[in-house]
Structure formats: C-alpha cells, structure tokens
Amino acid sequence: MSENVVHLHKPTDPPAGTANVTTLTVVPDPAPPAPVPLWVRSGRAIKNGVTHEHTKATMRGIARHSIYTFNGGRIVARRTWDGRTGSRYERMIRAAEAAGNLELAQEWEERLQRFRAARHHRRMDLLHSPVDAAKGVAVGAGMGVGVLVALGVVMAINTGQVGDVVTPLSATIDFIALLIRIVQVVWGPLLTIGPFLALLALWSVGRRQQAAPNWALPVNVRSGEGEPITPSIVVKALRDLGISPLKTAIKEMGDAGASMLGPIRIAGCGVEVDVTLPSGVATDEVQKRRRKLAENLTRHEHEVFITIPEAARTVRLWIADSGALDEPIGPSPLVTDETMTANYKTGKAPWGQDLRGDAAELSVYQRHLLVTGLSNQGKTAALRSLALWLALDRTVQFWIADLKGIGDWAMFDGIAQILIEGPSDDHVIQATEMVEDAVEEMNRRIEERRQDSTVVFEPLIVVVDEAQLAFMCPVVGEDKRPYGGSKATSRYFMAVRKIHNQGRAVDVLMWQGTQDPTDQNLPKLVREGAHTRASLVVGTESQSRMALGDKAVNGGAAPHLLRQGLDKGTLVVASDGITIPAGQASITVRTHFIDDEPAAEIAARAKALRDGVATLRVVDHTEERDALADIAAVIGDTARLRTDEVLKRLHALDTAVYREWNNGRLKRLLEEHGEEPKKSHGVMVVRRDDVARALANRDTDGSASAVQ
C-alpha cells in the first residue's frame, strides 16, 4: 500500500533542471489626493495672512497711533485741569504725607493756598472786566479815529487837498474790509482741516509721552528704557512678589502701601528707596525674589540691588536706569592726572565708582587684601591698579609673585625688589620661600620694635597673584613639609597665616588674588585673615560667602548674581577701608580698567620717584654671594653706618641669604680680614674705610668671603 506524502514546508532549493523564474509585481500608481476644498484653502490663507508678522506689526501700529491720539487727549485734558484747579498740589500733598515727609507736605499746602488766593483774585476781577473792557474799547476807538483824522489833516495841509483829511480813515476801513474777505475765504477750509490738526496735535503729545500699552509699542522701545520709578510702581512691584502677608498688608493700607516707602532719591545712574516691610514679612523673603522684583520694575536682575540697612524690617532698593550699568565708566585718575601721588598712610587709591556714581576710594593702610572671582573677570587688573597707585609712594616696597606668568606685572621690574613670574611648581616654591622670607622680615621688625618702640618701618607689600596655585601645589620639600595645602605643616599656608596674625603691626602686608574660591584653594583661616575682601562674579552663593563672609552676604552682598563676562571689573567689597553707606555690610564698585600700556606709563612715573631698584627676578638660594662686596655696596658713600642698618640693607638685598645674619656674624666676617665694627657715640657702626681695607686684605691674601 503506497502513501502520498504531503510536504508542509516549501523547499528552498528548486528541483534540478528547473530554471529560475523572476516574478515581477506591478504596483499601480497611487490614487491622486482628494482636492482640498476651497473653504479650507481660503481659511488657511486667511489664517496665514492674519498671523503673519507683518500683519501683526501693522495692527500694532494702527492700535498704537490710535491710542496715542486718545491718550494724548487725556494728557492735554489732565494738564488743563491741573492748570485750572489745585489737583496737582493735592496730589503732591498726599504723596508727601504717604512718604512721611511732613515738611514737604506743608510746603505744598502753602503753594496750594497761594494758588487759590490768586485764582479768587482773578475771579473777582471778572466782575468788573466787562465794564472796563467796554470803556477800553470806546477809548481805544476814539483815540484811533482821532489819530487817523490828525494824520489826515497833516496830509491835507501838505497837499492842499481838503479831501485828504479822511484818506487815512478810509484806508483803515479798506484794510479792515480786506481782512474780513480773507477770513471769509479761509474760514471754510479751516473748519474742514481744523479737527484734523487738533487730532494731529493730540497724537503728537501722546507719541512724545509713549502713551500706549507696552504690547503696542515698537520693539526697540519695549526693550529699551524702563519705566521711571515712582512710588506706585514700587508698591505694585512689591505687591506682586508672591508674598501673601505683604500683598494682604498692602491691600489693607489706606494709602495703598505708600506709607512703606521712604523718599525716592536720585543715586548715581539710578534711584534708591528704603522700604519698611509690614509685620510678618522677613527681609530675606524679598531678597530671595530679586529677579521677580526686578522684572516687576521693568528692569533686568542685575539692575536691582537689595541691601539690608540698620533699621528693622527695612530693605534698601537701588534701581538702575535701564541699560546704565552696561555703559563703561571713565578712565582712572592715575591715567588722566600725571601729577597724582600716593601716600600709604593717609591716602586712598582711586579704585573706581560705586553704583551711585561717586568715586570709590580704598585705604590700604595696614590692611591685608584678598581679591577673588572667576577667571578672566578683571581680578588681576583690580589688584594691579591698587599696586600702581601705591607705587607712587616711594617709601613702599613690593615683593611680587605672579603665578600666571604672562607679563601682567612686568611693569614692576625696577619697582619691586622681588618679581617672580611663572605658573610652574618651581615658581610656586619660589613664591612660598618669598612669603617665608617676608615672615622673617616681619619677625626682625617686631624684634627691632621691642628694642625701640619709636622706630618706623617702610611698608612692605607682598603680592601673590593666582594664589590658588600655591595652596594647591603638590610638591613636598626635603623636610617632608608640603608647600601647598591647609594643614599646620603646609609652608605657604602657615607663612600667610603668620603675616596675617602680626604683619600689619610692622607694616608687612599680604595681598592675594585667587580664582574660583573653594575650601581647598582658599582655606577659611586665610580668607578670614584679610581686612579688605573683594569679589568679582562667582558661581554660587556659597562661594560668595567664602569670598566676603556670611555677614556681607546676609546683608545683601551677591557677587554670584553678577553677570559673567558682562560685569567684568565689578567688585563687591567688604572693608572698613572704603566708604560704605550706613547700615550696609558691603559696597559694589565698578573698577577703572588700566590697560598694559598706560600701566607701564604709571610705572615709569613711579620709577622716576625712586633712586633705582634692582629687581630680583628669580629667588635662588643656592647662589653664592660676596658678603664683603655686598657690605661695601649697601654702605655706599656713607662714611659709617650702624650695624643694624647694615644688616637691614643686606636683608633687603637678598633676604634668603642674609635672613640669619646678626651682629655677631657681621663682626666675625670683618675680623677674618683684620677689621671689626667699632663704636661711635655709643653705637656699633661699620666704617666704609674698614670695609675697603678688608677687601684689600682679602685680595692680597687671595681668599674669598662667599656666603651661600
């Protein structure tokens, strides 16, 4: 029995001897789309036409000019009403009373009384004016006719014609008739175009006042000047902040909230007003809504500053004129006044302008300085401008380490005794040793002050720019102490702390510039040791607190709200060396920018004031020095010099080499060559002739007095 096998799977390989067959599938053309109905196409065209930007601009223009005319009429009517009544004075009285300025309110009330008295006098005069006017017309007409007749008589006598007597009178009558005919001709067109001229005048008034809603104004006007700051605008902006207790309190106030405001004062390129908040509203609630408040005042966030004065429940608003903060300030007086000098103790550096437009001047006398901020925001320029001013005091010494190393401080070559430039670890090590040498100089001065309380020292300014590189340096010295870090074994950190603790007493001051402050690259003890703390724009509020301290930030200082790249050179400063408005903990300063070329010119003036300074470009503690030659060099042409003064000058010549020297070391050196210090008037001195003989003796013996 045979069975048929049915295969359920199609074989993949065709049977042998079967040719490959290609199957073509014919795809018919797609059916044409259904035609779009006419009403749909018409609707789309109408929609596109209505929503097109040109259509919107046209409609805004029509609405704007129509509203100009309407509101122009309102403005003219209001002015007319104010001129005829005492409403203007009454408004001023209410505003002064709401602001609590009773003296101003009394002054406006006196003006209102004078206005009413003058108006009553004018109205009483109207009772007699018709009779007086009739008399005046009669007298004027009679005199006019008399003059014309007299003129005619003169003409008649002159010509011998009796008819000339009435000639002037007849000419006058003809002239009057001509005027009447002109009026008859012009009167009709005037009646026709008169209303259009009146509307044009009203439109012009409205256009000058921009009397139209903001949405109807041109784009350049909408984004340009903000609204003038008035009490009603400030109150409305506060009401709309979203603080429920504040909004409720304003609604319940009988004067619509005007009693909260102090006088609005012109303050530089803006206005300033104190706002006394109602009970239940904290000052920090307003501070946290700075952006919303600025937008309610039609300003950008950076154009509104909120500070906390001493008065309880009070915030002080400074509101800039729209766009004013984007305008540059003028050049530094250091550039424009070539006769300017400096005084470390009594002078103040012309640093820039505050927001009120007043000069911002900083005293650096016995004040350590810290300037911080993000990169490329003007930190070095702000720090350098202070140093350039102080360089004009010839008594001030500078030790400078520029750890950026691109020539920003190159003009101090010939002014600074030490100038280190470079970003490498070797440069950081040299900068650290420079600061440690400053500590030794400080200790020497302190010891000298103990022996003589009347001694006065020349100021020594130790500048480290890009100090974050020193704090972050990973190198460990041979003594197993790290150069960087913030521990008790960290060399740079501890040297800075020592200067902060005692340096100001002997005029050894530490100036530092750092970037992007953190606890790692700007330790807390160092930043809190600076008397003057200034911050450019930083990234976060926590960095603002690192830069300026909690007190300044709680009082309204907000460098983290400055605009990176747009507010270059704008500093928030916390210091007792600068004039800060009463009740505030900080001040915002827009610093003068001094470019490299004018900075070099200022430095040249500073060099001209000095006898010549040999700037040590690299601190090299391995260099051998000729001690006798150095002593001869520091004595110079002086016949004799006190030993402590010789040691002081040697220390200034090379602190690293001579910092351990004392009177005994100096005496031993001279004794080695057959000389020694002697007393003059009870004081040990070194004589120039003795040093010269010691040099001669050494040259004869062929020995060398080198120190390392």
Side-chain angles (χ1 to χ4, degrees), residues 268-269 324-365 367 369 371 373 376-398 400 402 404 406-416 419 421 459 461 463 465 509 511 513 532 534-537 562 565-573 575 577-579 587-610 612-613 615:
C269 56
L325 294 184
D326 296 327
E327 298 293 330
I329 64 173
S332 170
L334 288 172
V335 177
T336 58
D337 185 2
E338 296 184 358
T339 63
M340 176 173 285
T341 58
N343 188 297
Y344 162 75
K345 186 174 182 179
T346 62
K348 289 189 175 183
W351 211 7
Q353 294 180 0
D354 61 15
L355 296 178
R356 302 174 66 92
D358 299 330
E361 298 178 329
L362 180 70
S363 171
V364 298
Y365 176 62
R367 291 179 176 89
L369 175 66
V371 179
N376 195 32
Q377 298 303 305
K379 167 181 54 61
T380 297
L383 192 62
R384 189 178 69 181
S385 65
L386 294 176
L388 286 170
W389 172 80
L390 193 55
L392 297 175
D393 183 343
R394 59 181 299 175
T395 65
V396 179
Q397 304 174 17
F398 290 93
I400 300 174
D402 175 16
K404 186 184 297 180
I406 60 173
D408 288 337
W409 294 84
M411 68 286 301
F412 278 82
D413 188 2
I415 298 176
L419 178 58
E421 294 181 289
I461 309 298
V463 181
D465 196 8
L509 302 181
W511 289 10
T532 296
S535 177
L536 296 139
V537 57
L562 296 173
L566 297 177
D567 289 326
K568 282 187 176 183
T570 299
L571 286 166
V572 182
V573 184
S575 172
I578 193 170
T579 302
I587 186 172
T588 301
V589 177
R590 303 173 69 197
T591 58
H592 297 294
F593 175 69
I594 304 176
D595 209 344
D596 290 345
E597 184 175 346
E601 296 176 358
I602 298 169
R605 300 206 305 264
K607 294 174 187 177
L609 297 174
R610 300 167 186 259
V613 176
T615 298

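Atom CD1 of I602 sits about 10.5 Å away from atom CG of D337, to the nearest 0.5 Å. Once rounded to the nearest 0.5 Å, the distance linking CD1 of I415 with CZ of F398 reads 7.5 Å. The distance from atom CG of D402 to atom CG of L419, rounded to the nearest 0.5 Å, is 7.5 Å. Atoms CH2 and CG, on W511 and L386 in that order, are 5.0 Å from each other to the nearest 0.5 Å. Between D413 atom CG and K607 atom NZ the span is 6.0 Å, to the nearest 0.5 Å. Atom-to-atom distance recorded for L571:CG and D354:CG is 13.0 Å, nearest 0.5 angstrom.
Closest approach of N343 to K345, counting heavy atoms only: OD1-N, 3.0 Å. Heavy atoms only, all atoms of each residue included: G347 and W389 are closest at C-CH2, 3.7 Å. Contact detail for P331 and T336: the closest heavy-atom pair is CG-CG2, 3.7 Å. Between L536 and L562 the shortest heavy-atom distance is C-CD1, 4.2 Å.
Side-chain atoms of E361 do not come within 3.5 Å of backbone N or O of W351 as any donor-acceptor pair. The backbone N or O of A391 lies less than 3.5 Å from a partner atom in the side chain of R610, making a donor-acceptor pair. A distance-only check finds no donor-acceptor pair linking the side chain of K379 to the backbone of D465 [under 3.5 Å]. Looking at T532, its side chain never comes within 3.5 Å of a backbone N or O of L369 through a donor-acceptor pair. Using a distance-only test at 3.5 Å, with no hydrogens or angles considered, a donor-acceptor pair links the side chain of D393 to the main chain of Y344. Formation of a donor-acceptor pair under 3.5 Å by the R367 side chain with backbone atoms of Y365 is found in this model.
The side chain to side chain contact (heavy atoms under 4.5 Å, CB included) with V589 is formed by just one residue from the set I329, L362, V573, T570; it is V573.
Contact check for I594 versus L334: side-chain heavy atoms found under the 4.5 Å cut-off. I400 has its side chain out of reach of E421: every pair of non-hydrogen atoms, C-beta onward, lies at least 4.5 Å apart. Side-chain contact check for S385 versus H592: every heavy-atom pair is 4.5 Å or farther apart. At least one side-chain heavy atom of T579 sits under 4.5 Å from a side-chain heavy atom of K348.
In summary, R384 and D596 engage in a salt bridge, as defined by a charged side-chain N under 4.0 Å from a carboxylate O.
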